[in-house]
Asks: 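Supplied in structure tokens, the structure appears directly below.
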Amino acid sequence: LFSMYRQFALNLRKPSNCPSKLVGEAFDEEQVLSELEGSAHFQTLRDSSSLRLQLAFVFWNEADMIDLLKILETYPIQDQFAARLHNRLAFTGLVAFAMCHQKGCASYKALGEKCLGYFKFLSKNGSVNARPVYLFLKSMKSPSRDAFSKAIEACAEGNFMNLEAMANERYAAFLREEKDEAASNDCIANAYFLYQDWGAHAKALQLSKDHDFLKKAKRKRARSFVNTIGSNHKIASRTVSNTSHDATSQSQNATSFSFNSTLKQRKILRLSFGGK
């Protein structure tokens with residue numbers, strides 16, 4: 001499992017021809033699955049497909065997104081590990097709403113609704129971690145300026161740097177369809193810097209190749225935090241030139257966390273979904 005996550009991180013950091021495939025120096029999905037049987041194969045395929053689905057969404061590989069939805073839709077909306085379940089359902093829902101308008105994929109809207117309902121339930125019961133995901137899912141289901149703005153703001157407030165980057169990029173795509181190029185470019189620039197902060201350098205490189213204006217882009221103010229256990233650093237303002245993408249941290253802010261709502265949600269979920 002650790003090697004799988006390491007390969008996931010490497011795919012985000014290092015450019016490759018197939019960034020949504022888990023194959024490389026740390027992990028080879030096809031080889032590992034070929035050596036497993038029964039429940040071990042079933043569970044490993046679930047975990048690898050969940051990570052691949054996230055990569056496919058980040059790098060926007062529609063073919064892989066559809067193929068991975070076909071795999072993940074067979075798994076129940078239950079898991080003894082809440083974090084693993086949240087991650088799987090978050091990206092299953094996001095991709096389902098993104099792909100349900102494709103030919104032959106209309107049935108995925110119902111799958112997206114199930115995921116949306118899951119996070120709506122958690123959000124209404126006080127889960128601070130569920131709200132940004134819930135609003136992002138809503139914006140993908142019914143895209144609008146207001147919906148995306150609320151999702152991006154919630155992700156920023158919750159320090160969900162990865163989701164904030166993705167929401168900005170999806171909002172940019174929406175604005176392009178609205179013929180608002182200036183606003184779309186602003187969102188792309190925001191996504192570009194946030195992906196860098198997250199460590200997704202391969203994705204940031206992809207954006208810079210697709211959008212020449214990013215080579216001279218400047219960020220006026222950082223909106224998210226980089227949070228690790230025992231370290232609370234706020235990303236400082238920075239600029240980007242043709243030759244440098246270095247970031248300098250200039251301030252620190254104390255951040256407190258409460259796990260009470262998470263513990264409460266685990267109890268509520270057991271009762272709601274018939275667990276013990």
Side-chain angles (χ1 to χ4, degrees), residues 8 11 18-22 29 33 41-79 81-124 129-148 150-152 154-155 160 162-178 191 203 269 272-273:
F8 170 81
N11 283 21
C18 300
S20 56
K21 308 291 185 185
L22 286 178
E29 180 190 35
L33 289 174
H41 183 280
F42 184 76
Q43 294 174 22
T44 302
L45 178 61
R46 173 201 60 202
D47 295 340
S48 64
S49 296
S50 296
L51 291 177
R52 287 189 58 206
L53 187 68
Q54 183 174 169
L55 289 169
F57 185 76
V58 169
F59 290 97
W60 205 250
N61 185 323
E62 294 186 359
D64 278 357
M65 282 192 272
I66 292 173
D67 288 342
L68 292 163
L69 278 181
K70 292 177 181 177
I71 295 173
L72 291 171
E73 69 177 342
T74 64
Y75 287 86
I77 305 181
Q78 291 179 345
D79 197 313
F81 298 111
R84 183 170 62 190
L85 178 63
H86 290 190
N87 186 72
R88 171 162 61 91
L89 295 187
F91 285 95
T92 296
L94 290 170
V95 172
F97 284 134
M99 294 292 103
C100 67
H101 303 294
Q102 300 284 347
K103 184 178 180 180
C105 297
S107 62
Y108 289 136
K109 185 176 181 180
L111 179 61
E113 292 285 1
K114 290 181 181 179
C115 298
L116 180 65
Y118 175 85
F119 286 101
K120 180 180 180 179
F121 175 82
L122 289 179
S123 184
K124 284 191 172 183
N129 291 329
R131 184 171 179 271
V133 180
Y134 171 59
L135 291 176
F136 191 9
L137 285 166
K138 283 186 67 178
S139 70
M140 293 297 293
K141 175 188 174 183
S142 302
S144 71
R145 291 175 183 258
D146 182 62
F148 275 114
K150 287 180 178 178
I152 291 168
C155 291
F160 284 75
N162 57 336
L163 292 184
E164 187 184 356
M166 297 173 209
N168 267 284
E169 187 177 9
R170 292 301 98 215
Y171 189 22
F174 170 80
L175 291 169
R176 280 197 301 273
E177 294 182 357
E178 296 284 300
K203 175 60 184 181
L269 281 171
S272 177
F273 292 98

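Hydrogens, waters and symmetry mates play no part in the numbers below; they use all other heavy atoms, side chains included. These figures come from a predicted structure and were not determined experimentally.
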Asks: Does the side chain of Leu72 come within less than 4.5 Å of Leu53's, by heavy atoms?
Replies: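 A side-chain contact exists here, since the closest heavy-atom pair is under 4.5 Å.
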Asks: How far apart are the closest heavy atoms of Leu22 and Ser48, and which atoms are they?
Replies: CD1-O, 3.7 Å
Asks: Check whether any side-chain heavy atom of Phe91 lies under 4.5 Å from a side-chain heavy atom of Leu69, and answer yes or no.
Replies: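 Of all side-chain heavy-atom pairs linking Leu69 with Phe91, none is under 4.5 Å.
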Asks: Which pairs, with at least one residue in residues 63-75 and sequence neighbours excluded, count as a salt bridge (charged side-chain N to carboxylate O under 4.0 Å, His left out)?
Replies: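 Salt bridge (charged side-chain N to carboxylate O under 4.0 Å, His left out) check on residues 63-75 returns Lys21-Asp64, Arg52-Asp64.
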Asks: Looking at residues at least two apart in the chain, or sitting in another chain, which of them share a side chain to side chain donor-acceptor pair (under 3.5 Å) with Asp79?
Replies: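 Side chain to side chain donor-acceptor pair (under 3.5 Å) check on Asp79 returns Arg84.
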Asks: Donor-acceptor pairs are to be reported for all side-chain atoms of residues 137-145 against protein atoms at under 3.5 Å, with residues two or more places apart or in another chain.
Replies:
| unit_1 | atom_1 | unit_2 | atom_2 | d |
| --- | --- | --- | --- | --- |
| Ser139 | OG | Phe136 | O | 2.7 |
| Lys141 | NZ | Glu113 | OE1 | 3.4 |
| Lys141 | NZ | Glu113 | OE2 | 2.9 |
| Ser144 | OG | Ala147 | N | 3.0 |
| Arg145 | NH1 | Asp180 | OD2 | 3.3 |
| Arg145 | NH2 | Asp180 | OD2 | 3.1 |

Asks: Enter the distance from Ile152:CD1 to Asn168:CG here, rounded to the nearest 0.5 Å.
Replies: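 So the gap between those two atoms works out to 4.0 Å.
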Asks: If I compare all heavy atoms of Pro19 with all of Asn11, which pair ends up nearest, and what's the gap?
Replies: O-ND2, 2.9 Å
Asks: What pairs with Glu62 under side-chain contact (heavy atoms from CB on, under 4.5 Å), at least two apart in sequence or on another chain?
Replies: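 Partners of Glu62 by the side-chain contact (heavy atoms from CB on, under 4.5 Å) criterion, ordered by chain and then number, come out as Trp60, Met65, Met99, Gln102.
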Asks: For Phe57 and Thr92: C-alpha separation, side-chain torsions, deciding distance, then whether side chain to side chain contact (heavy atoms under 4.5 Å, CB included) applies.
Replies: CA-CA 10 Å; Phe57 185 76; Thr92 296; over 6 Å; no
Asks: Rounded to the nearest 0.5 Å, what separates atom SG in Cys18 from atom CG in Leu55?
Replies: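 Separation between the atoms: 11.5 Å.
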Asks: According to ring pair (Phe, Tyr, Trp, His ring centres under 6.0 Å), who are the partners of Phe8, at least two apart in sequence or on a separate chain?
Replies: none
Asks: By side chain to side chain donor-acceptor pair (under 3.5 Å), which residues pair with Gln54, not counting sequence neighbours?
Replies: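 Partners of Gln54 by the side chain to side chain donor-acceptor pair (under 3.5 Å) criterion, ordered by chain and then number, come out as Asn87.
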Asks: Give the minimum heavy-atom separation between Phe97 and Lys109, together with the two atoms involved.
Replies: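 Residues Phe97 and Lys109, closest heavy atoms: CE2-O, 3.9 Å.
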Asks: Nearest 0.5 Å, what's the CD-CG distance between Glu29 and Leu45?
Replies: 6.5 Å
Asks: What residues, two or more places apart in sequence or in another chain, satisfy side-chain contact (heavy atoms from CB on, under 4.5 Å) together with Lys124?
Replies: Lys120
Asks: Atom CG of Leu33 and atom OG of Ser49: how far apart are they, to the nearest 0.5 Å?
Replies: 7.5 Å
Asks: Partners of Tyr171 by ring pair (Phe, Tyr, Trp, His ring centres under 6.0 Å), sequence neighbours excluded?
Replies: Phe148
Asks: Under the side chain to side chain donor-acceptor pair (under 3.5 Å) rule, collect the residues that match up with Lys150, sequence neighbours excluded.
Replies: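 Asp146.
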Asks: Got a sec, which pairs hit salt bridge (charged side-chain N to carboxylate O under 4.0 Å, His left out) with one end in residues 86-95, sequence neighbours left out?
Replies: none
Asks: Could you tell me whether the side chain of Tyr108 and the main chain of Ala98 form a donor-acceptor pair under 3.5 Å?
Replies: no
Asks: Which pairs with one or both residues in residues 166-176 pass salt bridge (charged side-chain N to carboxylate O under 4.0 Å, His left out), sequence neighbours excluded?
Replies: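 Qualifying pairs, neighbours excluded: Glu169-Lys203.
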Asks: Hey, what do you get for OH (Tyr118) to CG (Leu89), rounding to the nearest 0.5 Å?
Replies: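 Answer for the OH-CG pair, Tyr118 versus Leu89, is 6.0 Å.
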Asks: Listed by chain and number, what are the side chain to side chain donor-acceptor pair (under 3.5 Å) partners of Thr44, not counting sequence neighbours?
Replies: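 Side chain to side chain donor-acceptor pair (under 3.5 Å) check on Thr44 returns nothing, list empty.
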Asks: Measuring from atom CD1 of Ile66 to atom SG of Cys105, what distance do you get when rounded to the nearest 0.5 angstrom?
Replies: 4.0 Å
Asks: Side chain of Ser123, backbone of Phe119: donor and acceptor closer than 3.5 Å?
Replies: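 No, the answer is negative, given that no donor and acceptor are paired below the 3.5 Å cut-off.
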Asks: Over all heavy atoms of both residues, which pair between Lys114 and Ile77 is shortest? Give the atoms and the distance, please.
Replies: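 Looking at all heavy atoms of both residues, the shortest contact is CB-CD1, 3.7 Å.
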